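Any value given below was found using the heavy atoms of this structure, including those in side chains, with hydrogens, waters and symmetry copies removed. Naming convention: chains lettered A, B, ... in sequence-line order (proteins, then strands); numbering from 1 in each chain. Because the structure is a prediction, the values reported are computed rather than measured.
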Amino acid sequence: MIPNPPFQLGVTLASGQFFRWRAEGDGFLVSTHGRTFAVRERRDRLAVSGIRRSFAERFFALDHDLPGIRGRLLRDRRLRPAVEAYPGLRILRQDPWECLVSFVTSCASNIPRITRNLESLCRELGRKGLAMPPPEAISDERVLRRLGFGFRARHLVPLAREVERGALRGLERLATEEARERLCALPGVGVKVADCVLLFAYERLESFPVDVWIRRAMAGLFGGRRDPRTVALERWGELSGYAQQFLYVWSRKR
DNA sequence: GACCAGGCATCGA
DNA sequence: TCGATGCATGGT
């Protein structure tokens, strides 16, 4: 049992940053970092089983000062409705490799399909049919096509080879901009995917992934003239990633 | 049955 | 440097 700082478990899981979960009973089954566990909200607490409490606290980023972050973002009048709507939306700490596979898979796709693709991948190639397969296990494009990855399959095998050769090694020590360039050099990885990985796996909270929803939301709030990412960094600086997450969930709800 | 999807790589202009 | 296009399929 984890005493509860502001946290909306369901909203956070369903916020498009993470795909390896499903509703199970009155809670959720989550698979990440090579582990699978059950989690549910009980009154003002979070109950987990199958993992240590410290693991859950870290994965769910319960140490992020969410009230402080929201307090600062709420000062922006135009962002306020999105932030007010979700008092407990957090940005998770995912595993870099899993996150990378997820967002390469997300390319021109949709959440139900991404979820299904990743589930098939883990079932087919992962340990115990649950965990994300390691890079070594992703070696045959035909398998990926059979699993429904479509044209995304083309990048995943060469990507796995690069990661096997250490493409992600030491990335956590690089400056964000440099890490971003390294990620963008990988097959199937452009700025959007790179920014997602930086935000959701490397805790670079200043990252601002721009997809069609964010582009629309930003155009609605600030006009479509300027580059959304530039606008975001000016207004929200090192908290741009959280701003993005509030905007994403908020704009999709309407 | 269009139209679009948490894009990327490639190719002309 | 920028806009258009193909890529495979499934959701809506």
Side-chain angles (χ1 to χ4, degrees), chain A residues 11-22 32 82 86 89-92 94-121 124 132 138 140-163 167 180-202 204-221 224-232 240-254:
Chain A
V11 169
T12 299
L13 288 175
S15 68
Q17 58 179 307
F18 178 68
F19 307 97
R20 296 282 294 132
W21 63 275
R22 65 166 186 259
T32 183
Y86 302 103
L89 174 60
R90 286 175 185 267
I91 289 179
L92 303 170
Q94 298 185 46
D95 173 80
W97 163 244
E98 292 176 3
C99 191
L100 186 58
V101 172
S102 299
F103 282 97
V104 169
T105 299
S106 79
C107 175
S109 190
N110 52 70
I111 292 177
R113 185 180 179 181
I114 301 162
T115 304
R116 203 163 36 74
N117 286 157
L118 294 174
E119 202 174 298
S120 316
L121 181 68
E124 181 94 0
M132 180 65 67
I138 296 182
D140 189 346
E141 181 181 329
R142 289 168 301 177
V143 171
L144 298 173
R145 289 193 179 268
R146 177 163 57 73
L147 296 177
F149 280 77
F151 66 87
R152 302 158 197 84
R154 191 162 71 84
H155 297 302
L156 284 166
V157 172
L159 175 66
R161 294 294 76 70
E162 291 290 332
V163 171
R180 192 168 187 251
E181 284 173 22
R182 290 274 275 284
L183 287 167
C184 285
L186 297 173
V189 180
V191 292
K192 159 62 168 63
V193 171
D195 285 338
C196 284
V197 173
L198 289 170
L199 179 58
F200 301 135
Y202 287 98
R204 306 303 170 100
L205 300 183
E206 73 274 34
S207 300
F208 191 80
V210 178
D211 66 2
V212 291
W213 295 93
I214 291 297
R215 191 172 298 284
R216 268 181 232 153
M218 291 295 282
L221 293 178
R225 206 48 95 189
R226 303 177 61 213
D227 170 39
R229 187 165 166 265
T230 310
V231 175
S240 295
Y242 260 100
Q244 181 273 160
Q245 204 59 21
F246 286 113
L247 275 178
Y248 181 76
V249 177
W250 177 76
S251 68
R252 285 181 54 115
K253 281 286 177 201
R254 32 199 327 187

Side-chain donor/acceptor of Gln17(A) to backbone N/O of Phe200(A), under 3.5 Å | no
Output every pair passing salt bridge (Lys or Arg N to Asp or Glu O under 4.0 Å) with a member in residues 191-200 of chain A, not counting sequence neighbours, ordered by first then second residue.
-> Arg180(A)-Asp195(A), Asp195(A)-Arg229(A)
With centres under 5.5 Å and planes under 30° as the test, does Phe103(A) stack with dG6(B)?
-> no
Give one of base, sugar-phosphate or nothing for Ile114(A), where a contact means two heavy atoms less than 4.0 Å apart.
-> nothing
From CG of Leu186(A) across to C1' of dA9(B) the rounded distance in Å is 14 Å
Under 4.0 Å between any heavy atoms, over every strand shown, what does Val189(A) touch: base, sugar-phosphate, or nothing? Just pick one.
-> sugar-phosphate
Could you give the CG-to-P distance, from Leu183(A) to dA9(B), as a whole number of Å?
-> 12 Å
Reckon Val104(A) touches a base, only the sugar-phosphate, or nothing at all at heavy-atom distances under 4.0 Å?
-> nothing
Expressed in whole Å, how much space separates the P atoms belonging to dC11(B) and dA8(C)?
-> 15 Å
Here the residues of residues 11-21 of chain A within 4.0 Å heavy-atom distance, strictly under, of DNA chain B are Ser15(A), Gly16(A), Gln17(A)
Please give, in whole Å, the distance from dG6(B) C1' to Leu118(A) CG?
-> 13 Å
Aromatic ring proximity, centroids under 6.0 angstrom, Phe19(A) and Phe103(A) | yes
Report yes if a side-chain nitrogen or oxygen of Arg216(A) is closer than 4.0 Å to either non-bridging phosphate oxygen (OP1 or OP2) of dA5(B); otherwise report no.
-> yes
If a protein heavy atom is under 4.0 Å from the base, mark B; if only from the sugar-phosphate, S; if neither, -; do that for nucleotides 6-12 of chain C going 5' to 3'.
-> -BBBSS-
Given the P atoms of dG1(B) and dC7(C), what is the spacing between them in whole Å?
-> 23 Å
Interatomic distance at C1', dA9(B) relative to dG10(C), whole Å | 22 Å
Given atom CG of Leu198(A) and atom C1' of dG6(B), what is their separation to the nearest angstrom?
-> 15 Å
Determine the Euclidean distance between corresponding C1' atoms of dA5(B) and dG6(C); express it in Å to zero decimal places.
-> 15 Å
Euclidean distance for P, dG3(C) against dG6(B) (whole angstrom) = 23 Å
Which one of Thr12(A), Leu13(A), Ile91(A) satisfies the side-chain contact (heavy atoms from CB on, under 4.5 Å) criterion with Phe18(A)?
-> Leu13(A)
